[in-house]
**Q** 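Below is the structure I would like to discuss, written out as C-alpha coordinates.
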Amino acid sequence: MQDIIPAISAVAGYVPDYIMTNHELEKMVDTNDEWIRTRTGIKERRVLKGEGKGTSVMATEVLKQLLEKRNIEAKDIDAVIIATVTPDYLFPTTANIVANNVGAVNAFSYDLTAACSGFLFALETGANFIKSGKYKYIAVIGADKMSSIVNYKDRNTCILFGDGAGGVLLEASENEYGIKDSILRSDGSGGDYLYMKGGGSVNPPSHETVDNDMHYLFQDGKTVFKFAVTKMADVSVEIMNRNNLTGDDIAYLVPHQANKRIIDATANRMGIGDEKVTMNIDKYGNTTAATIPLCLWEWENKFKKGDNIILAAFGGGFTWGAVYLQWAY
Ligand code: COA
(Lines give C-alpha, C1' and ligand atoms only; values in the text may rest on other atoms or scores of the structure.)
Protein backbone atom coordinates (compact mmCIF):
# COMPACT_ATOMS: atom_id res chain seq x y z
CA MET A 1 0.00 0.00 0.00
CA GLN A 2 1.23 3.49 -0.86
CA ASP A 3 1.97 5.90 1.97
CA ILE A 4 -0.79 8.41 2.65
CA ILE A 5 0.31 12.02 2.06
CA PRO A 6 -1.52 14.42 4.38
CA ALA A 7 -2.58 17.62 2.62
CA ILE A 8 -4.25 20.92 3.38
CA SER A 9 -7.57 20.90 1.49
CA ALA A 10 -9.06 24.19 2.76
CA VAL A 11 -7.95 27.27 4.70
CA ALA A 12 -9.94 29.81 6.69
CA GLY A 13 -9.34 32.89 8.77
CA TYR A 14 -11.12 35.33 11.02
CA VAL A 15 -10.10 38.64 12.55
CA PRO A 16 -12.30 40.79 14.76
CA ASP A 17 -13.61 44.10 13.33
CA TYR A 18 -12.08 46.44 15.89
CA ILE A 19 -8.82 47.99 14.66
CA MET A 20 -6.40 49.23 17.31
CA THR A 21 -3.95 51.57 15.59
CA ASN A 22 -0.50 52.62 16.76
CA HIS A 23 -1.99 56.06 17.35
CA GLU A 24 -4.51 54.62 19.80
CA LEU A 25 -1.62 52.99 21.69
CA GLU A 26 0.16 56.37 21.81
CA LYS A 27 -2.65 57.51 24.09
CA MET A 28 -2.18 54.53 26.42
CA VAL A 29 1.61 54.23 26.80
CA ASP A 30 4.71 56.30 26.06
CA THR A 31 5.29 55.16 22.48
CA ASN A 32 4.88 56.44 18.95
CA ASP A 33 3.79 55.16 15.57
CA GLU A 34 7.22 55.63 14.02
CA TRP A 35 9.00 53.59 16.74
CA ILE A 36 6.51 50.75 16.45
CA ARG A 37 6.61 50.65 12.64
CA THR A 38 10.38 50.75 12.34
CA ARG A 39 11.14 48.31 15.20
CA THR A 40 8.40 45.78 14.44
CA GLY A 41 6.63 46.48 11.11
CA ILE A 42 3.25 46.74 12.86
CA LYS A 43 0.77 49.52 11.98
CA GLU A 44 -2.38 48.15 13.57
CA ARG A 45 -3.83 45.06 15.17
CA ARG A 46 -7.33 43.65 15.77
CA VAL A 47 -9.01 43.35 19.17
CA LEU A 48 -11.99 41.16 20.01
CA LYS A 49 -14.38 43.41 21.91
CA GLY A 50 -17.46 42.41 23.84
CA GLU A 51 -18.26 41.03 27.26
CA GLY A 52 -17.84 37.26 27.59
CA LYS A 53 -16.29 36.76 24.16
CA GLY A 54 -13.31 34.40 24.19
CA THR A 55 -11.01 32.71 21.71
CA SER A 56 -13.74 30.18 20.79
CA VAL A 57 -15.79 32.94 19.13
CA MET A 58 -13.05 33.42 16.52
CA ALA A 59 -12.15 29.73 16.19
CA THR A 60 -15.81 28.82 15.65
CA GLU A 61 -15.99 31.18 12.66
CA VAL A 62 -12.88 29.51 11.24
CA LEU A 63 -14.26 25.99 11.60
CA LYS A 64 -17.60 27.03 10.02
CA GLN A 65 -15.70 28.51 7.06
CA LEU A 66 -13.61 25.35 6.64
CA LEU A 67 -16.74 23.19 6.48
CA GLU A 68 -18.37 25.53 3.98
CA LYS A 69 -15.33 25.78 1.75
CA ARG A 70 -14.82 22.03 1.58
CA ASN A 71 -18.56 21.47 1.44
CA ILE A 72 -18.62 18.82 4.16
CA GLU A 73 -20.85 18.42 7.20
CA ALA A 74 -19.77 19.01 10.79
CA LYS A 75 -20.49 15.37 11.67
CA ASP A 76 -17.84 14.29 9.12
CA ILE A 77 -14.99 15.87 11.09
CA ASP A 78 -12.87 13.33 12.99
CA ALA A 79 -10.90 15.73 15.19
CA VAL A 80 -10.56 19.40 16.04
CA ILE A 81 -7.18 20.51 17.38
CA ILE A 82 -6.83 24.10 18.55
CA ALA A 83 -3.44 25.65 19.26
CA THR A 84 -3.84 28.50 21.74
CA VAL A 85 -2.31 30.12 24.82
CA THR A 86 -5.51 32.01 25.52
CA PRO A 87 -8.16 29.30 25.88
CA ASP A 88 -11.67 30.30 26.94
CA TYR A 89 -11.06 28.34 30.18
CA LEU A 90 -8.29 26.11 31.54
CA PHE A 91 -10.85 23.39 30.91
CA PRO A 92 -13.02 22.38 29.15
CA THR A 93 -10.80 22.93 26.15
CA THR A 94 -11.62 25.61 23.61
CA ALA A 95 -11.70 22.87 20.97
CA ASN A 96 -14.49 21.10 22.90
CA ILE A 97 -16.49 24.34 22.85
CA VAL A 98 -15.84 25.02 19.17
CA ALA A 99 -16.67 21.47 18.07
CA ASN A 100 -19.93 21.71 19.99
CA ASN A 101 -20.73 25.14 18.48
CA VAL A 102 -20.64 23.73 14.95
CA GLY A 103 -22.15 20.32 15.74
CA ALA A 104 -19.01 18.23 15.17
CA VAL A 105 -20.55 15.44 17.22
CA ASN A 106 -18.25 12.69 15.97
CA ALA A 107 -15.02 14.58 16.57
CA PHE A 108 -12.62 14.27 19.44
CA SER A 109 -11.28 17.70 20.24
CA TYR A 110 -8.53 19.16 22.36
CA ASP A 111 -6.22 22.15 22.75
CA LEU A 112 -2.50 22.11 22.27
CA THR A 113 -0.09 24.68 23.63
CA ALA A 114 3.21 25.63 22.06
CA ALA A 115 2.79 29.43 22.10
CA CYS A 116 3.71 31.04 18.76
CA SER A 117 4.80 27.67 17.34
CA GLY A 118 1.46 26.14 18.33
CA PHE A 119 0.02 25.99 14.83
CA LEU A 120 3.02 24.06 13.47
CA PHE A 121 2.97 21.62 16.41
CA ALA A 122 -0.78 21.07 15.85
CA LEU A 123 -0.30 20.71 12.10
CA GLU A 124 2.30 17.97 12.61
CA THR A 125 -0.05 16.21 15.04
CA GLY A 126 -3.03 16.42 12.67
CA ALA A 127 -0.95 15.39 9.66
CA ASN A 128 0.13 12.22 11.44
CA PHE A 129 -3.47 11.37 12.29
CA ILE A 130 -4.23 11.55 8.56
CA LYS A 131 -1.10 9.53 7.76
CA SER A 132 -2.26 6.79 10.12
CA GLY A 133 -5.12 6.07 7.72
CA LYS A 134 -7.59 6.00 10.61
CA TYR A 135 -9.10 9.46 10.09
CA LYS A 136 -10.49 11.34 7.10
CA TYR A 137 -10.91 14.99 8.12
CA ILE A 138 -8.90 16.80 10.80
CA ALA A 139 -9.37 20.51 11.53
CA VAL A 140 -6.27 22.29 12.82
CA ILE A 141 -6.84 25.81 14.11
CA GLY A 142 -4.55 28.44 15.64
CA ALA A 143 -6.49 31.02 17.65
CA ASP A 144 -5.53 33.59 20.26
CA LYS A 145 -7.18 36.47 22.02
CA MET A 146 -3.89 38.07 23.05
CA SER A 147 -5.71 41.20 24.25
CA SER A 148 -6.87 39.10 27.22
CA ILE A 149 -3.30 38.65 28.55
CA VAL A 150 -1.59 41.82 27.33
CA ASN A 151 -0.86 44.60 29.80
CA TYR A 152 -1.90 47.83 28.07
CA LYS A 153 0.32 49.75 30.51
CA ASP A 154 3.50 47.97 29.34
CA ARG A 155 4.88 49.56 26.16
CA ASN A 156 7.39 46.73 25.72
CA THR A 157 4.67 44.21 24.96
CA CYS A 158 1.28 45.83 24.31
CA ILE A 159 2.30 47.17 20.91
CA LEU A 160 3.17 43.71 19.59
CA PHE A 161 0.07 41.57 19.91
CA GLY A 162 -3.38 41.26 18.37
CA ASP A 163 -6.35 38.87 18.24
CA GLY A 164 -7.22 36.47 15.44
CA ALA A 165 -7.78 32.90 14.31
CA GLY A 166 -6.96 30.80 11.29
CA GLY A 167 -7.08 27.16 10.39
CA VAL A 168 -6.80 24.40 7.85
CA LEU A 169 -8.59 21.20 7.00
CA LEU A 170 -6.33 18.17 6.59
CA GLU A 171 -7.11 15.06 4.60
CA ALA A 172 -5.33 12.45 2.48
CA SER A 173 -3.91 14.01 -0.67
CA GLU A 174 -5.60 13.22 -3.96
CA ASN A 175 -2.30 13.82 -5.80
CA GLU A 176 1.40 13.64 -4.95
CA TYR A 177 1.35 17.01 -3.14
CA GLY A 178 0.91 17.70 0.55
CA ILE A 179 2.88 17.97 3.78
CA LYS A 180 6.31 16.53 3.07
CA ASP A 181 8.53 17.19 6.08
CA SER A 182 8.72 18.93 9.42
CA ILE A 183 11.27 19.79 12.08
CA LEU A 184 9.97 20.77 15.51
CA ARG A 185 12.08 21.77 18.49
CA SER A 186 11.74 22.96 22.09
CA ASP A 187 14.11 24.24 24.75
CA GLY A 188 12.57 24.67 28.19
CA SER A 189 15.57 26.62 29.45
CA GLY A 190 14.10 29.59 27.53
CA GLY A 191 10.88 29.49 29.55
CA ASP A 192 11.63 32.51 31.75
CA TYR A 193 12.03 34.92 28.83
CA LEU A 194 8.46 34.75 27.57
CA TYR A 195 5.73 33.52 29.87
CA MET A 196 2.77 34.24 32.10
CA LYS A 197 3.63 33.89 35.77
CA GLY A 198 0.15 33.63 37.26
CA GLY A 199 -2.95 31.53 36.80
CA GLY A 200 -1.36 28.07 36.70
CA SER A 201 -0.79 25.61 39.54
CA VAL A 202 2.41 27.35 40.75
CA ASN A 203 0.77 30.74 41.22
CA PRO A 204 -2.99 30.18 41.26
CA PRO A 205 -5.05 33.36 40.95
CA SER A 206 -5.15 35.43 44.14
CA HIS A 207 -5.32 39.10 45.12
CA GLU A 208 -1.54 39.04 45.21
CA THR A 209 -1.12 37.64 41.68
CA VAL A 210 -3.53 40.26 40.36
CA ASP A 211 -1.85 43.11 42.28
CA ASN A 212 1.54 42.03 40.90
CA ASP A 213 0.37 41.92 37.25
CA MET A 214 1.10 38.18 37.09
CA HIS A 215 -1.79 37.43 34.74
CA TYR A 216 -0.19 39.37 31.94
CA LEU A 217 2.30 38.08 29.41
CA PHE A 218 5.92 38.86 30.36
CA GLN A 219 8.64 39.09 27.73
CA ASP A 220 12.35 39.85 27.75
CA GLY A 221 12.14 41.18 24.17
CA LYS A 222 15.85 41.42 23.47
CA THR A 223 16.62 37.83 24.45
CA VAL A 224 13.58 36.47 22.60
CA PHE A 225 14.57 38.47 19.52
CA LYS A 226 18.09 37.04 19.57
CA PHE A 227 16.91 33.43 19.81
CA ALA A 228 14.07 33.93 17.30
CA VAL A 229 16.34 35.39 14.63
CA THR A 230 18.79 32.50 14.90
CA LYS A 231 16.49 29.53 15.49
CA MET A 232 13.77 30.32 12.96
CA ALA A 233 16.38 30.77 10.24
CA ASP A 234 18.40 27.69 11.33
CA VAL A 235 15.43 25.37 11.12
CA SER A 236 14.19 26.84 7.83
CA VAL A 237 17.59 26.33 6.21
CA GLU A 238 17.86 22.83 7.72
CA ILE A 239 14.54 21.73 6.22
CA MET A 240 15.54 23.20 2.83
CA ASN A 241 18.89 21.39 2.87
CA ARG A 242 17.51 18.02 3.78
CA ASN A 243 14.92 18.27 0.99
CA ASN A 244 17.50 19.51 -1.53
CA LEU A 245 15.76 22.84 -1.98
CA THR A 246 17.44 26.13 -2.86
CA GLY A 247 15.93 29.60 -2.58
CA ASP A 248 14.93 29.37 -6.25
CA ASP A 249 12.84 26.25 -5.57
CA ILE A 250 10.77 27.95 -2.87
CA ALA A 251 7.53 29.62 -3.99
CA TYR A 252 6.69 31.07 -0.55
CA LEU A 253 7.98 31.37 2.99
CA VAL A 254 5.06 31.64 5.41
CA PRO A 255 6.67 32.82 8.64
CA HIS A 256 5.28 33.48 12.09
CA GLN A 257 4.58 37.22 12.30
CA ALA A 258 6.35 38.43 15.46
CA ASN A 259 8.64 41.12 14.09
CA LYS A 260 9.35 42.14 10.50
CA ARG A 261 13.07 42.19 11.25
CA ILE A 262 13.01 38.51 12.32
CA ILE A 263 11.13 37.60 9.12
CA ASP A 264 13.56 39.55 6.92
CA ALA A 265 16.55 37.85 8.56
CA THR A 266 15.01 34.40 8.00
CA ALA A 267 14.24 35.10 4.33
CA ASN A 268 17.75 36.42 3.87
CA ARG A 269 19.35 33.26 5.30
CA MET A 270 17.11 31.16 3.03
CA GLY A 271 18.18 33.16 -0.01
CA ILE A 272 14.69 34.27 -1.01
CA GLY A 273 13.39 37.73 -1.93
CA ASP A 274 10.58 39.77 -0.32
CA GLU A 275 8.14 38.84 -3.07
CA LYS A 276 8.17 35.24 -1.83
CA VAL A 277 7.43 36.10 1.82
CA THR A 278 3.87 36.28 3.12
CA MET A 279 3.56 39.23 5.49
CA ASN A 280 0.51 40.73 7.20
CA ILE A 281 2.13 41.79 10.47
CA ASP A 282 1.40 45.42 9.53
CA LYS A 283 -2.37 44.75 9.79
CA TYR A 284 -2.63 42.16 12.54
CA GLY A 285 0.54 42.25 14.69
CA ASN A 286 1.48 39.03 16.45
CA THR A 287 -1.64 36.87 16.85
CA THR A 288 0.48 34.02 18.33
CA ALA A 289 -0.90 30.67 17.09
CA ALA A 290 -2.98 32.38 14.39
CA THR A 291 -0.28 34.15 12.37
CA ILE A 292 0.64 31.32 10.00
CA PRO A 293 -2.90 30.15 9.12
CA LEU A 294 -3.96 33.80 8.71
CA CYS A 295 -1.19 34.19 6.13
CA LEU A 296 -2.23 30.97 4.37
CA TRP A 297 -5.79 32.32 4.27
CA GLU A 298 -4.80 35.67 2.77
CA TRP A 299 -2.36 34.16 0.24
CA GLU A 300 -4.50 31.14 -0.74
CA ASN A 301 -5.43 32.66 -4.11
CA LYS A 302 -1.79 33.19 -5.01
CA PHE A 303 -0.65 29.64 -4.22
CA LYS A 304 -0.49 27.25 -7.17
CA LYS A 305 -0.74 23.47 -7.12
CA GLY A 306 2.72 22.00 -6.47
CA ASP A 307 4.22 25.24 -5.03
CA ASN A 308 7.00 24.53 -2.55
CA ILE A 309 6.10 26.34 0.67
CA ILE A 310 8.02 26.59 3.94
CA LEU A 311 6.18 27.45 7.17
CA ALA A 312 8.41 28.63 10.02
CA ALA A 313 7.81 29.73 13.60
CA PHE A 314 9.48 30.63 16.88
CA GLY A 315 7.76 31.16 20.19
CA GLY A 316 7.59 30.98 23.97
CA GLY A 317 8.84 27.83 25.61
CA PHE A 318 11.09 28.19 23.71
CA THR A 319 9.51 26.33 20.81
CA TRP A 320 10.30 26.56 17.12
CA GLY A 321 10.01 24.65 13.88
CA ALA A 322 9.56 24.51 10.14
CA VAL A 323 7.23 22.56 7.86
CA TYR A 324 7.81 21.86 4.17
CA LEU A 325 4.72 21.34 2.06
CA GLN A 326 3.71 21.30 -1.56
CA TRP A 327 0.43 23.11 -2.12
CA ALA A 328 -2.11 20.48 -3.09
CA TYR A 329 -4.88 22.44 -4.88
N1 COA B 1 7.82 52.63 22.24
C2 COA B 1 8.94 53.39 22.41
N3 COA B 1 10.04 52.92 23.01
C4 COA B 1 10.06 51.64 23.42
C5 COA B 1 8.93 50.81 23.27
C6 COA B 1 7.79 51.35 22.67
N7 COA B 1 6.68 50.64 22.47
N8 COA B 1 9.23 49.61 23.77
C9 COA B 1 10.48 49.66 24.22
N10 COA B 1 10.98 50.89 24.01
C11 COA B 1 12.30 51.40 24.35
C12 COA B 1 12.97 50.56 25.39
O13 COA B 1 12.53 50.92 26.68
C14 COA B 1 14.42 50.89 25.16
O15 COA B 1 14.71 52.11 25.78
P16 COA B 1 16.04 52.29 26.63
O17 COA B 1 17.15 52.02 25.64
O18 COA B 1 15.94 53.68 27.09
O19 COA B 1 15.96 51.25 27.69
C20 COA B 1 14.49 51.12 23.66
O21 COA B 1 13.14 51.32 23.21
C22 COA B 1 15.07 49.94 22.90
O23 COA B 1 14.50 48.75 23.39
P24 COA B 1 14.92 47.36 22.84
O25 COA B 1 14.32 46.31 23.69
O26 COA B 1 16.39 47.33 22.58
O27 COA B 1 14.21 47.40 21.44
P28 COA B 1 14.30 46.30 20.35
O29 COA B 1 14.92 46.86 19.14
O30 COA B 1 14.85 45.02 20.88
O31 COA B 1 12.78 46.06 20.05
C32 COA B 1 11.08 44.45 20.51
C33 COA B 1 11.92 45.57 21.06
C34 COA B 1 10.14 43.94 21.58
C35 COA B 1 10.28 44.98 19.33
C36 COA B 1 12.02 43.34 20.02
O37 COA B 1 12.93 43.02 21.04
C38 COA B 1 11.32 42.09 19.61
O39 COA B 1 10.64 42.07 18.61
N40 COA B 1 11.53 40.98 20.34
C41 COA B 1 11.01 39.70 20.01
C42 COA B 1 9.55 39.72 20.05
C43 COA B 1 9.00 38.42 19.68
O44 COA B 1 9.39 37.88 18.69
N45 COA B 1 8.10 37.94 20.50
C46 COA B 1 7.31 36.84 20.30
C47 COA B 1 8.10 35.66 20.02
S48 COA B 1 7.00 34.63 19.30
Side-chain angles (χ1 to χ4, degrees), residues 20-45 83-86 113-122 142-147 149-164 166 184-196 216-236 254-267 277 279-282 284-295 311-322:
M20 182 183 273
T21 62
N22 290 346
H23 296 296
E24 182 174 352
L25 285 163
E26 285 173 356
K27 294 180 196 134
M28 297 155 83
V29 288
D30 180 14
T31 189
N32 59 79
D33 174 55
E34 205 253 332
W35 191 96
I36 302 173
R37 275 190 292 103
T38 52
R39 306 299 265 195
T40 69
I42 302 167
K43 292 181 187 148
E44 56 191 43
R45 67 288 294 142
T84 185
V85 291
T86 50
T113 300
C116 295
S117 310
F119 181 76
L120 293 194
F121 282 47
D144 272 300
K145 183 185 169 184
M146 295 307 290
S147 61
I149 59 167
V150 160
N151 182 355
Y152 287 101
K153 292 189 180 123
D154 174 14
R155 70 175 182 173
N156 292 295
T157 53
C158 73
I159 56 146
L160 298 170
F161 296 95
D163 302 341
L184 303 178
R185 305 237 189 271
S186 335
D187 177 359
S189 70
D192 290 350
Y193 301 110
L194 177 49
Y195 77 128
M196 202 165 84
Y216 294 125
L217 165 156
F218 165 83
Q219 174 170 254
D220 171 348
K222 259 196 184 104
T223 307
V224 174
F225 186 90
K226 219 166 58 196
F227 273 89
V229 156
T230 317
K231 299 294 187 186
M232 204 160 101
D234 282 354
V235 85
S236 303
V254 182
H256 171 53
Q257 313 276 306
N259 187 315
K260 184 176 182 303
R261 289 183 290 149
I262 299 173
I263 297 172
D264 290 344
T266 303
V277 182
M279 193 119 59
N280 55 19
I281 188 170
D282 53 326
Y284 305 139
N286 182 349
T287 54
T288 302
T291 60
I292 290 175
L294 278 173
C295 279
L311 318 180
F314 182 89
F318 292 136
T319 54
W320 66 102

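Ligands are counted one by one from 1 in listed order, and the atoms in each one are counted from 1 as well. Numbers here simply count residues along the sequence, with the first being 1. As the structure is a prediction and not an experimental result, all values here were calculated from the model.
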**Q** Got a protein heavy atom sitting under 4.0 Å from atom 38 (C) of ligand 1?
**A**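 When distances to the protein are checked, atom 38 (C) of ligand 1 has a heavy atom within 4.0 Å.
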**Q** Which part of Asn286 is near ligand 1, with near meaning a heavy atom under 4.0 Å away: side chain, backbone, both or neither?
**A** side chain
**Q** Do the side-chain N and O atoms of Asn32 and Arg37 include a donor-acceptor pair separated by under 3.5 angstrom?
**A** no
**Q** Rounded to the nearest 0.5 Å, what separates atom OG1 in Thr84 from atom CE in Met146?
**A** 8.5 Å
**Q** For Arg155 and Val29, indicate whether the former's side chain and the latter's backbone hold a donor-acceptor pair under 3.5 Å.
**A** no
**Q** Under 3.5 Å, N or O to N or O, is Gly221 touching ligand 1 that way?
**A**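 Checking ligand 1 against Gly221, an N or O pair does fall under 3.5 Å apart.
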**Q** Between Asp144 and Thr287, is there a side-chain heavy-atom distance shorter than 4.5 Å?
**A**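 No; the side chains remain at least 4.5 Å from each other.
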**Q** Between Glu44 (side chain) and Ile42 (backbone), is there a donor-acceptor pair under 3.5 Å?
**A** no
**Q** Return the closest protein heavy atom for atom 9 (C) of ligand 1 as residue, atom name and distance.
**A** Asn156 OD1, 3.2 Å
**Q** State whether the shortest distance between N or O atoms of Asn259 and N or O atoms of ligand 1 falls below 3.5 angstrom.
**A** yes
**Q** Look at ligand 1 and say whether Gly315 reaches it with a heavy atom at a distance under 4.0 Å.
**A** yes
**Q** Would you check the N or O atoms of Thr40, main chain and side chain alike, for any that come under 3.5 Å of an N or O of ligand 1?
**A** no
**Q** Against heavy atoms of His256, which atoms of ligand 1 measure under 4.0 Å?
**A**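 Atoms satisfying the 4.0 Å criterion: 48 (S).
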**Q** Of all the atoms in ligand 1, which lie at a distance below 4.0 Å from a heavy atom belonging to Arg261?
**A**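 Heavy-atom distances to Arg261 below 4.0 Å select 28 (P), 29 (O), 31 (O).
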**Q** What is the closest protein heavy atom to atom 22 (C) of ligand 1, and at what distance does it sit?
**A** Arg39 NH2, 4.0 Å
**Q** What part of Cys116 sits under 4.0 Å from ligand 1 if we count only heavy atoms: the side chain, the backbone, both or neither?
**A** side chain
**Q** Looking at atom 15 (O) of ligand 1, what's its closest protein heavy atom, distance included?
**A** Arg155 NH2, 4.2 Å
**Q** Is it the case that more than 12 heavy atoms not belonging to Phe225 sit under 6.0 Å from its CZ atom?
**A** yes
**Q** So is Thr31 polar-close to ligand 1, meaning N/O to N/O under 3.5 Å?
**A** yes
**Q** For ligand 1, is any non-hydrogen atom under 4.0 Å from Trp35's backbone (N, CA, C, O), its side chain (CB onward), both, or neither?
**A**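 The answer is the side chain of Trp35.
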**Q** Ignoring hydrogens and geometry, is there a side-chain-to-backbone donor-acceptor pair from Arg185 to Trp320 under 3.5 Å?
**A** no
**Q** In this structure, does ligand 1 have an atom that sits under 4.0 Å from one of the heavy atoms of Ile262?
**A**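 Yes, Ile262 has heavy atoms under 4.0 Å from ligand 1.
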